[in-house]
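Everything quoted here is computed from the prediction, not taken from an experiment. No hydrogens, no waters, no symmetry mates; every other heavy atom, side chains included, goes into these values.
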Amino acid sequence: MTLARFSKQSLGLARAHRLIEQTCFERFAMQRLNTESTLYELTIPHPSRDALNELIGTLLEGMRRVAEDNQCLLETSFHEPATDAHWD
């Protein structure tokens, strides 16, 4: 996950980062994998592939909304190592 300000006047970068962690990631046993807080490991229980696709779509929408509300650009993707599936 990478966040950037829309402009130099945008002040919500740290707030957006914190809110994404709190509202989107924490419920999935979030683990930060690097000191820059750009890589995370989440444990997302899912009964089916369709349910996982829907949940990740909802997470991506929520993350984008938080970024936009705080005048930030968001680049992100999810990767499932077991199947090498990607979402972005």
Find the distance between [atom1] ([X]) and [atom2] ([Y]) and round it off to the nearest 0.5 Å.
{"X": "F28", "Y": "L59", "atom1": "CZ", "atom2": "CG", "result": "5.0 Å"}
{"X": "L3", "Y": "L74", "atom1": "CG", "atom2": "CG", "result": "5.5 Å"}
{"X": "M1", "Y": "L39", "atom1": "CE", "atom2": "CG", "result": "10.0 Å"}
{"X": "T76", "Y": "D88", "atom1": "OG1", "atom2": "CG", "result": "8.5 Å"}
{"X": "F78", "Y": "N53", "atom1": "CZ", "atom2": "CG", "result": "12.0 Å"}
{"X": "E26", "Y": "L42", "atom1": "CD", "atom2": "CG", "result": "11.0 Å"}

If I compare all heavy atoms of A16 with all of A67, which pair ends up nearest, and what's the gap?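 Here A16 and A67 meet closest at CB-CA, 4.4 Å.
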Hey, quick one: are I20 and W87 part of the same hydrophobic cluster, counting side-chain heavy atoms closer than 4.5 Å, chains of contacts allowed?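 Same hydrophobic cluster.
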Could you state whether F25 and I44 fall into the same hydrophobic cluster, counting links through intermediate Ile, Leu, Val, Met, Phe, Trp or Tyr residues with side-chain heavy atoms under 4.5 angstrom apart?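 They do share one cluster, since a chain of ILVMFWY contacts under 4.5 Å joins F25 to I44.
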Can any side-chain N or O of N34 pair as donor or acceptor with the backbone N or O of T38 at less than 3.5 Å?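 Between the backbone of T38 and the side chain of N34 there is a qualifying donor-acceptor contact (under 3.5 Å).
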Pair D84, H79 - check side chain to side chain contact (heavy atoms under 4.5 Å, CB included), show working. CA-CA 7 Å; D84 202 34; H79 175 241; 2.8 Å; yes
Around atom CZ of R18, are there more than 12 heavy atoms from other residues, nucleotides or ligands closer than 6.0 Å?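 Enclosed: over 12 neighbouring heavy atoms sit under 6.0 Å from CZ of R18.
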Under 4.5 Å between any side-chain heavy atoms of T23 and M63, yes or no?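 Contact flag for T23/M63 side chains = no.
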Listed once per pair and sorted, the salt bridge (charged side-chain N to carboxylate O under 4.0 Å, His left out) pairs that draw on residues 60-77, sequence neighbours left out: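 Non-adjacent pairs meeting salt bridge (charged side-chain N to carboxylate O under 4.0 Å, His left out): zero.
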Please determine if E80 and R49 form a salt bridge, counting it only when a charged side-chain N lies under 4.0 Å from a carboxylate O.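 Looking at E80 and R49, the cut-off is met.
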How about H17 and N70: does a side-chain donor come under 3.5 Å of a side-chain acceptor?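 No, N70 and H17 have no side-chain donor paired with an acceptor closer than 3.5 Å.
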Sequence-distant partners of R32, side chain to side chain contact (heavy atoms under 4.5 Å, CB included), two or more places apart: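 Listed in chain order: E21, M30, S37, Y40.
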